Amino acid sequence: MTKVITSKSAPDAIGPYSHGNAFGELIFTSGQLPVCKEKGGIVDGGIAEQSRQSLVNLRSVLEAGGGDMDTVLKTTCYLANIEDFAAFNAVYADFFKTECPARSCFAVKDLPMGALVEIEAIAHRK
């Protein structure tokens, strides 16, 4: 049975989707933009600040679904500019220190709200 995941800490969805869904022991998140719920928009700064905020939002959704960063099996990461790959990786490594999940990371033409990064994940519950 599918369970909709809603995080009180993550920014509200900007369209007709949920923060995530759980099915059995699996968690599927929607893409997390670098939106700060308190400020109400994309965080100031470049790729490092935006990557950090996207990962904080992702962690919030995972925790609301009964998982955490250690239960992530795979991430898909979208960058507005592939030249940001190294800077993105440096921040990503702060959140995934050991036994890193499988990952796809690629550049896309545009992201919603002019964001530089968006991150989604598949994880399992604790």
Side-chain angles (χ1 to χ4, degrees):
M1 179 165 224
T2 302
K3 177 186 175 212
V4 173
I5 298 169
T6 303
S7 168
K8 293 179 182 175
S9 301
D12 295 334
I14 58 172
Y17 59 88
S18 62
H19 285 147
N21 286 300
F23 184 80
E25 295 302 308
L26 293 176
I27 300 167
F28 301 86
T29 73
S30 293
Q32 297 303 305
L33 293 169
V35 174
C36 176
K37 185 167 186 163
E38 288 95 32
K39 294 180 183 177
I42 300 284
V43 295
D44 293 332
I47 189 64
E49 293 81 6
Q50 288 195 22
S51 298
R52 188 168 290 102
Q53 186 65 53
S54 287
L55 287 159
V56 165
N57 293 344
L58 180 68
R59 181 174 56 205
S60 171
V61 173
L62 292 167
E63 290 172 353
D68 60 28
M69 297 305 265
D70 291 334
T71 68
V72 174
L73 302 169
K74 178 165 190 326
T75 60
T76 304
C77 308
Y78 307 94
L79 301 176
N81 186 341
I82 200 64
E83 292 177 8
D84 288 337
F85 185 75
F88 167 76
N89 250 359
V91 175
Y92 188 92
D94 289 340
F95 286 79
F96 297 104
K97 297 183 186 305
T98 60
E99 298 186 28
C100 297
R103 181 179 87 177
S104 298
C105 185
F106 47 92
V108 295
K109 185 177 181 305
D110 293 307
L111 289 167
M113 301 174 69
L116 300 176
V117 61
E118 183 174 359
I119 306 166
E120 64 185 36
I122 300 170
H124 62 86
R125 294 179 179 192
K126 293 189 218 178

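Just so you know, these numbers come straight off a predicted model, no measurement behind them.
Using modelled atom types, no side-chain atom of H19 and backbone atom of V4 make a donor-acceptor pair closer than 3.5 Å. Between the side chain of T75 and the backbone N or O of A121, no donor-acceptor pair lies under 3.5 Å.
Between A10 and S60, the shortest heavy-atom contact is N-OG, 3.5 Å. Here the shortest heavy-atom pairing between S54 and P34 reads OG-N, 3.1 Å. In plain terms, the two heavy atoms of K37 and K8 that are nearest each other are NZ-O, 2.9 Å.
Applying the side-chain hydrogen bond (donor to acceptor under 3.5 Å, both in side chains) test to Q50 and every residue at least two apart in sequence or in another chain returns nothing. Legend: residues meeting side-chain contact (heavy atoms from CB on, under 4.5 Å) with I27, ordered by chain and number and at least two apart, are I5, T29, L62, A123, R125. Not counting sequence neighbours, the partners of D68 by the side-chain hydrogen bond (donor to acceptor under 3.5 Å, both in side chains) test are K126. The ring pair (Phe, Tyr, Trp, His ring centres under 6.0 Å) search around F23 returns none, not counting sequence neighbours.
Taken to the nearest 0.5 Å, the CG atom of L58 stands 12.0 Å off from the OG atom of S51. Distance check: S30 OG to E118 CD gives 8.5 Å after rounding to the nearest 0.5 Å. Atom CD of E120 is separated from atom CD of Q32 by 9.5 Å, given to the nearest 0.5 angstrom.
Taking a 4.5 Å side-chain heavy-atom cut-off between Ile, Leu, Val, Met, Phe, Trp and Tyr, the cluster of M113 extends to I14, Y17, L33, V35, I42.
Between D84 and V117, the closest side-chain pair of non-hydrogen atoms is not below 4.5 Å. Using a 4.5 Å heavy-atom cutoff, the side chains of F88 and I119 are in contact.
At a threshold of 4.5 Å between side-chain heavy atoms, the hydrophobic network of Ile, Leu, Val, Met, Phe, Trp and Tyr places F28 and L55 in two separate groups. L116 and L111 fall into different hydrophobic clusters, where Ile, Leu, Val, Met, Phe, Trp and Tyr side chains are chained together by heavy-atom contacts under 4.5 Å. Note on V91: it clusters hydrophobically with M69, by side-chain heavy-atom contacts below 4.5 Å among ILVMFWY residues.
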Can you list, pair by pair, the side-chain donor-acceptor contacts under 3.5 Å of residues 94-106, counting residues two or more places apart and other chains?
unit_1, atom_1, unit_2, atom_2, d
K97, NZ, D94, O, 3.1
R103, NH1, N89, OD1, 2.8
R103, NH2, N89, OD1, 2.8
S104, OG, K74, NZ, 3.0

